[in-house]
Amino acid sequence: RVMSFHGAKVVCTYHPASVLRNWEVSPLFESDIKKATLLINSNGTPSVDYQCMSSVQEVEAMCKYLKSKECFSTDTETTGYDFLSDKVLCCQFSSQKAEGFCVPLLGYKAAEIWSKKEKAAIIDLLRDLMQSSVEKVFTNAQFDILFLRKLGVREGPAVIWDVMLMHHLINENISHSLNEMIIENCEPLFVSNHLKISQQVREFAPSNSDSFSEVPPDLLHYYASGDADATIRLYYNLRPRLRAEGLEELYLKLTYPLMLATISMEERGITIDLSMLKQASAILHRRIEETEKKLYSIVGKEFNPRSVVQLRKIFEKLNLRSNKLTKKGNVSLDKTVLEQLKSTHEFPRELLTLRQLQKTISTYLDGRDGHGGLLKEIKVDGRVHPRFFVHGTRYGRLSSSAPNFQSIPQDPPEIRRMFTTKEGWKFIEADYEKADLMVAAHISKDSALIERLKGEDFHTDTAISVGLCKKNKKPTVLVNAIQQ
C-alpha cells in the first residue's frame, strides 16, 4: 500500500531478509519495488480520452458505439460492498486503450441527479447493452455483476472475461488486485498516473469501509474511467498469454461457468433460523462457563483466560514449557504450543477447548458480547450471502467468507440446523474423498497406488507399508497426525 509521510510517498513492503527466508513473497516484493520506481520516475500524465455522460442521448450514443465493438470492459463504483443495501454510484466502460466512458447514476453523497424518467431510460439502455452479443470484460466480475443485477441489468449470453481470474490462471501465486496487475502488465506512465489518482481517491475514502460517495464527482468519474481503461488494457495483455499457455479452454470450460455459478449462489443466499442460532449459542456459552470453571479448579483461583500475561504466569507455575517465542521475544502460547503440551497436562488441553468454543461463537454465532459472528452477516432479506472465491486458494479449490461456508462446525448440531431451506427443498452435502490422491494415481498409472486407493483406509495401509504400524494394530500418534 502507498502511504503519505510528511509529504513523501511511502511504499510499504517486506524486509529483504524476510524475502530471502520466504521466497514465496518475492513477487510481491518485486511488485512493490516497481511501484516505488514508478512513483519516483513518473513525469506528466498519459494521453487519455475519458468522458462523463451528462444526458440520456450521450448514454444512447455510447451504447451504440460499444455494441459495434468486439468487446468492452465494464466496471462499477458503489457506496459499499453489500449489493443488497448499497447503491451504484456510476458505471464505466472502455473498448480500447486510453478510452473511458463514465455513466453517473448518483451524485455526491449518493444524491439523485436524474429525473425518474431519465434514470429509467438510462437503465434500459445499459440493460440492452449488457444483453448484447458483444463479449464483456470485468475485473472481479462477481462484485460488479451482483450490483448490476440489483439495478435490473442482467448479463446476456456472450462470454464474460474476468481479468482477475485470467491472471490467476496464469500465475496463482501473486496478487490479483487491479493495481498489482497493471503494475505488472501496463505502461509505466499509465500505471503511475493511475496509482496517483487512486491515492487521491483514498484520501476521501481512506478505509475499505468508507463510501466512495464522499469522493468529489469529477475525481470519482476520472478514477472510474481509469478502472475501465485499466481493465481493457489488461484483457488485451492477458488474453494472448492465456491462449499461448494453453489455458483459454480451461477458462471457458471450467473457470467461467464456475464463476457464474458462484455469483448465483451468493445472490440467492441462505436462510438462517434465528431460534436455532440462539439455541446453539446458549449451548456453547454453557460449555464455555463449564470449561472456565475447570480451568479455575486446576489453577486454584479465578483468572482471565484471555490475558496472555496471566497465562504465562500460570504456565510457569505448572512447569509447562513453551519452546516458541513471539516476534517480541515473549513466550508463545498459541495453538501449536498448546497442541504440543495437551498430552502432558490437562490445563493446555482445557485451554484449547475454551479457545475453540470462543472461536466458534465469534465466527458462527453471536460474536463477542452480542456483536459480530453470523448475526452481522444476516442481510436485509433475512439471509446470509456467503461469497465464494474461484481464485481464493493456490490448490484449485473454492474458498468462501462471510461466513466461511466450507468449515461450519458439526458440534453442536444446532449450528448446522440453523441453515434452513424453504419447504420442499433439501440440502445436499458432497465431498470428493481422496481427490488429490486419485488424480495422482490417474496421472502416474502407479499400480500400487491404485490398489491402495481401492482399500478401506489408504493412510493406515500406507503406514503399514513403510513400517509405521503393524497390520491389525492401532495406528500410532504419528499416523494419526499424518492423517490429519
Side-chain angles (χ1 to χ4, degrees), residues 1 31 71-84 86-94 100 102 130 135-151 153-155 158-186 194-195 197-198 201-202 205 207-212 220 223-239 242 251-252 254-267 385-394 398-402:
R1 183 180 176 184
S31 175
C71 71
F72 60 82
S73 65
T74 307
D75 189 37
T76 62
E77 303 303 335
T78 64
T79 59
Y81 297 95
D82 184 350
F83 71 94
L84 288 170
D86 289 308
K87 300 176 181 178
V88 178
L89 293 168
C90 57
C91 299
Q92 48 274 6
F93 308 89
S94 177
C102 180
M130 294 304 291
E135 293 185 350
K136 320 301 187 295
V137 185
F138 289 85
T139 297
N140 191 6
Q142 193 163 346
F143 177 88
D144 296 307
I145 286 175
L146 285 169
F147 272 94
L148 289 170
R149 285 182 180 182
K150 188 195 171 190
L151 281 176
V153 178
R154 297 190 76 88
E155 65 282 5
V159 173
I160 293 171
W161 296 93
D162 188 332
V163 295
M164 186 174 71
L165 299 182
M166 295 164 72
H167 190 254
H168 176 256
L169 287 179
I170 293 168
N171 188 345
E172 63 184 10
N173 296 311
I174 58 178
S175 171
H176 312 296
S177 71
L178 182 61
N179 281 352
E180 297 298 339
M181 288 192 291
I182 65 170
I183 288 170
E184 178 191 348
N185 297 285
C186 296
H194 193 77
L195 292 176
I197 298 299
S198 299
V201 169
R202 280 298 170 195
S207 73
N208 288 334
S209 61
D210 291 324
S211 174
F212 271 26
L220 178 65
Y223 166 80
S225 298
D227 275 0
D229 184 9
T231 299
I232 202 68
R233 289 174 190 248
L234 286 169
Y235 168 78
Y236 283 118
N237 183 290
L238 296 175
R239 181 83 184 270
L242 206 66
Y251 179 89
L252 291 171
L254 181 63
T255 304
Y256 168 52
L258 180 59
M259 176 193 75
L260 293 180
T262 57
I263 291 171
S264 296
M265 288 160 65
E266 182 178 353
E267 183 180 31
H385 295 262
R387 186 156 197 209
F388 294 88
F389 300 96
V390 178
H391 67 295
T393 71
R394 299 180 182 180
L398 285 175
S399 64
S400 60
S401 66

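Reckoned from all heavy atoms, side chains included, excluding hydrogens, waters and symmetry mates. In this text, all values refer to a predicted model and were calculated from it rather than measured experimentally. By convention here, the first residue in the shown sequence is residue 1.
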Rounded to the nearest 0.5 Å, the CE atom of Met181 sits from the CD1 atom of Ile170 at a distance of 10.5 Å
Could you measure the distance from the CG atom of Leu151 to the OG1 atom of Thr76? Nearest 0.5 Å is fine.
8.5 Å
Consider only side-chain N and O atoms of His194 and Asp229, and report whether a donor and an acceptor are under 3.5 Å apart.
no
So which atom in Gln142 and which in Arg387 form the shortest heavy-atom distance, rounded to 0.1 Å?
CB-NH2, 3.4 Å
Residues two or more places apart in sequence or in another chain: which of them pass salt bridge (Lys or Arg N to Asp or Glu O under 4.0 Å) with Arg154?
Glu267
Can you check whether Val88's main-chain N or O pairs, donor with acceptor, with Thr78's side chain at less than 3.5 Å?
no
With sequence neighbours excluded, what pairs up with Phe138 under the ring-ring contact (aromatic ring centres under 6.0 Å, His included) test?
none
Flag yes if more than 12 heavy atoms outside Lys150 fall under 6.0 Å of its NZ atom; otherwise flag no.
yes
Polar contact flag, side-chain donor to acceptor under 3.5 angstrom, His167-Glu180:
no
What I'd like to find out is whether the side chain of Asp227 reaches to under 4.5 Å of the side chain of Thr139, using heavy atoms alone.
no
Would you name the heavy atoms of Arg233 and Cys186 that are closest together and state the gap between them?
CB-SG, 4.0 Å
Could you go through the side-chain contact (heavy atoms from CB on, under 4.5 Å) check for Ile160 and Val137 one step at a time?
CA-CA 6 Å; Ile160 293 171; Val137 185; over 6 Å; no
Inter-residue atom distance Thr74.OG1 - Ile145.CD1, 0.5 Å rounding
9.0 Å
Kindly give the heavy-atom pair with the smallest separation between Arg149 and Ser264, and that separation in Å.
NH1-OG, 3.8 Å
Taking side chain as C-beta onward, heavy atoms only, is Trp161 less than 4.5 Å from Tyr256?
no
Regarding Thr79 and Ser211, do their side chains bring together a donor and an acceptor under 3.5 Å, going by distance alone?
no
Roughly how far apart are Ser73 OG and Lys136 NZ, rounded to 0.5 Å?
12.0 Å
What are the two closest non-hydrogen atoms of Phe147 and Gly80, and how far apart are they?
CZ-O, 3.5 Å
Between His391 and His176, do the side chains contain a donor N or O and an acceptor N or O under 3.5 Å apart?
no
Closest non-hydrogen atom pair, Glu77 against Ala224
CG-CB, 3.7 Å
Are Glu155 and Leu148 packed together at the side-chain level, in the sense that at least one heavy-atom pair is separated by less than 4.5 angstrom?
no
Could you walk me through whether Ser198 and Tyr223 pass the side-chain contact (heavy atoms from CB on, under 4.5 Å) test, one step at a time?
CA-CA 7 Å; Ser198 299; Tyr223 166 80; 3.5 Å; yes
Rounding to 0.5 Å, atoms OG1 (Thr231) and CE (Met164) come to a distance of 11.0 Å
For Asp162, does its backbone N or O pair with a side-chain atom of Tyr251 as donor and acceptor, under 3.5 Å?
yes
Kindly compute the distance separating CG (Asn140) from CE (Met259), expressed to the nearest 0.5 Å.
10.0 Å
Taking Asn237 for the side chain and Asn185 for the main chain, is one N or O donor matched with an acceptor at less than 3.5 Å?
yes
So do Leu252 and Val159 actually touch side chain to side chain, heavy atoms under 4.5 Å?
yes
Which pair of non-hydrogen atoms, one from Cys71 and one from Tyr236, has the smallest distance, and what is that distance?
SG-OH, 3.4 Å
Between Phe389 and Leu398, is any pair of side-chain heavy atoms under 4.5 Å apart?
no
Please work out whether the ring planes of Phe83 and His385 are parallel, tilted or perpendicular, with thresholds of 30° and 60°.
perpendicular
